[in-house]
2 protein chains.
Amino acid sequence: MTSTLGFAILAVLARGDRTGYDIAAAMRRPIGFFWTAGHSQIHAELQKLRTACLVGYEARHGPGPQDKKVYHLTDEGAAELRGWVTRPPKERPERDELVLKTYAAWLAEAGLVRRMFADQLAAHEARLAEYEREEAAFDGPPPFGDPRFGNYATLRCGLGYERHRAEWCRWMIDQLGDSDSL
Amino acid sequence: MTSTLGFAILAVLARGDRTGYDIAAAMRRPIGFFWTAGHSQIHAELQKLRTACLVGYEARHGPGPQDKKVYHLTDEGAAELRGWVTRPPKERPERDELVLKTYAAWLAEAGLVRRMFADQLAAHEARLAEYEREEAAFDGPPPFGDPRFGNYATLRCGLGYERHRAEWCRWMIDQLGDSDSL
DNA sequence: CTGCACTATGTCTGAAGTGACATAGTTGAT
DNA sequence: ATCAACTATGTCACTTCAGACATAGTGCAG
């Protein structure tokens, strides 16, 4: 009954022991590119994982009102995670506000729509440049079995996504007339 | 304070008057490709839109315990919708289970991962074929200002997405070795 | 020595969303 | 005639999630 968020946490823990705080940091980057969660959600989920014996922790002295808890995967947790990885993902409903706006774009002024897409294009190009820098830091794909393979493969996905998205923005801008209204 | 779902409903109503049931059908296809909602959510949201005077309805006799309600946009609703279309979309957190699995894929057997990606690839290719058939039904992009422009532009986005995704799946399968384990 | 950013854990409220339950007339096939 | 599928509206319980609130020690800069 572990939720997808639970598996996201297990996936972080598979790379090394972490506190809840550290996991929350990983949920911003690099996991944040494909799964996000606030720290409130993470602490609650860690308690559930604890109850299910998929993780354990050692309390250590640290700052804050409570001791800090360094979490680790149990053997059971590792087995659950390995099983989950190759189970077909359940498809989630798509929710893309920009595409929804596009569906209704015929109601608006072409100039305003073009500006919105120009902004989106700029954002995609910035992210693309960032991902390309990250890719350059790799020396080709790491071998499967290396945790860095996960990082590289997801980066490849992000790269492809940003390219597709940028191209679509360019197509939209083209459709909206070249140099008139603004 | 209208939610994105509210605007999705207004976008449907901008194309013609509908009952809640009809809106729910549109939320499966074609809107469902980029925004989904169950009928329970839709009926609740229609009541809110009603209270905010963005839609109105006429009750007509129809099947079922209550009269059917044919909803229409008010002038106020149409203005709200037009204003929303060109406001920059607020970015939602990405949540992609397949990419999350990929991040943890180094833990699993390559053969099982390859099979999962082969299944995904098949699904993307099927959707791609469907979208290409739909695109062929258009005689090039309709003019901006025509509601059909919205359908065509979102279809273009879907086409690009499926191609990017299929390509990534093929890359993954390549990485996982060509003809050994199964 | 003051104040800020960071580490660190947790609770609570409310919104958004999913799926089941409830009800009932119309239409078409067998 | 009967049965299933479709039209049609709505409620309820539950889960997920985001953001605010609460608390408090450490380490560094000015």
How do Pro65(A) and Ala44(A) order along DNA chain C: which one's closest nucleotide is nearer the 5' end?
->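 Comparing both residues, the 5'-ward one is Pro65(A).
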Heavy-atom side-chain contact between Trp84(A) and Glu80(A) under 4.5 Å =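 Side chain of Trp84(A) against side chain of Glu80(A), heavy atoms only: no contact under 4.5 Å found.
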Going by heavy atoms in the side chains, are Tyr161(A) and Arg127(A) under 4.5 Å from each other?
->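 They are not in side-chain contact.
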Could you tell me which residues satisfy salt bridge (Lys or Arg N to Asp or Glu O under 4.0 Å) with Arg165(A), sequence neighbours excluded, listed by chain and number?
->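 Per chain and number, Arg165(A) pairs via salt bridge (Lys or Arg N to Asp or Glu O under 4.0 Å) with Asp96(A).
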To the nearest Å, how far apart are [X] [atom1] and [N] [atom2]?
X	N	atom1	atom2	result
Leu5(A)	dC17(D)	CG	P	6 Å
Leu46(B)	dT11(D)	CG	P	12 Å
Arg60(A)	dT26(D)	CZ	C1'	17 Å

Heavy-atom closest contact ([X] atom, [Y] atom, distance):
X	Y	result
Ala153(B)	Trp168(A)	O-NE1, 3.1 Å
Pro89(B)	Met116(A)	CD-SD, 4.1 Å
Thr86(A)	Ala108(B)	CG2-CB, 3.8 Å
Tyr71(B)	Val55(B)	CD2-CG2, 3.9 Å
Asn151(B)	Arg15(B)	OD1-NH1, 2.6 Å

Side chain to side chain donor-acceptor pair (under 3.5 Å) involving His43(B) - partner list, sequence neighbours excluded |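 Partners of His43(B) by the side chain to side chain donor-acceptor pair (under 3.5 Å) criterion come out as none, since no residue qualifies.
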Sub-4.0 Å heavy-atom contacts from residues 88-103 of chain B onto DNA chain D, ordered by number =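 The stretch gives Pro93(B), Arg95(B) as the residues lying under 4.0 Å from the strand, ordered by number.
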Between Leu121(A) and Leu176(A), is there a shared hydrophobic cluster once you connect ILVMFWY residues whose side-chain heavy atoms come closer than 4.5 Å?
->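 Cluster IDs for Leu121(A) and Leu176(A) match.
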In degrees rounded to 10°, what angle is found between the helical axes fit to the five outermost pairs at each end of the helix from dC1(C)-dG30(D) to dT30(C)-dA1(D)?
->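 End-to-end axis angle for the helix from dC1(C)-dG30(D) to dT30(C)-dA1(D): 20°, rounded to 10°.
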For DNA chain C, the residues among residues 7-43 of chain A that have a non-hydrogen atom under 4.0 Å from it |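 Those residues whose heavy atoms fall under 4.0 Å from DNA chain C, taken from residues 7-43 of chain A in numerical order, are Thr19(A), Gly20(A), Tyr21(A), Asp22(A), His39(A), Ser40(A), His43(A).
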Would you mind telling me which residue lines up with the more 5' stretch of DNA chain D, Met1(A) or Lys68(B), judged by nearest nucleotide?
->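 With Met1(A) and Lys68(B) compared, the 5'-side residue is Lys68(B).
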Is a side-chain N or O of Thr19(B) found less than 3.5 angstrom from the main chain of Val70(B), in a donor-acceptor match?
->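 Pair absent, no side-chain N/O of Thr19(B) close to backbone of Val70(B).
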Do the side chain of Thr102(B) and the main chain of Ala105(B) share a donor and acceptor less than 3.5 angstrom apart?
->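 Absent.
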Segment of DNA chain C, first to last nucleotide, that comes within the 4.0 Å heavy-atom reach of chain A |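 Endpoints of the contacted stretch of DNA chain C: dC6(C) to dT18(C).
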Could you tell me the separation between the CZ atom of Phe7(B) and the CG atom of Leu81(B), rounded to the nearest 0.5 Å?
->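 One finds 7.5 Å between CZ of Phe7(B) and CG of Leu81(B).
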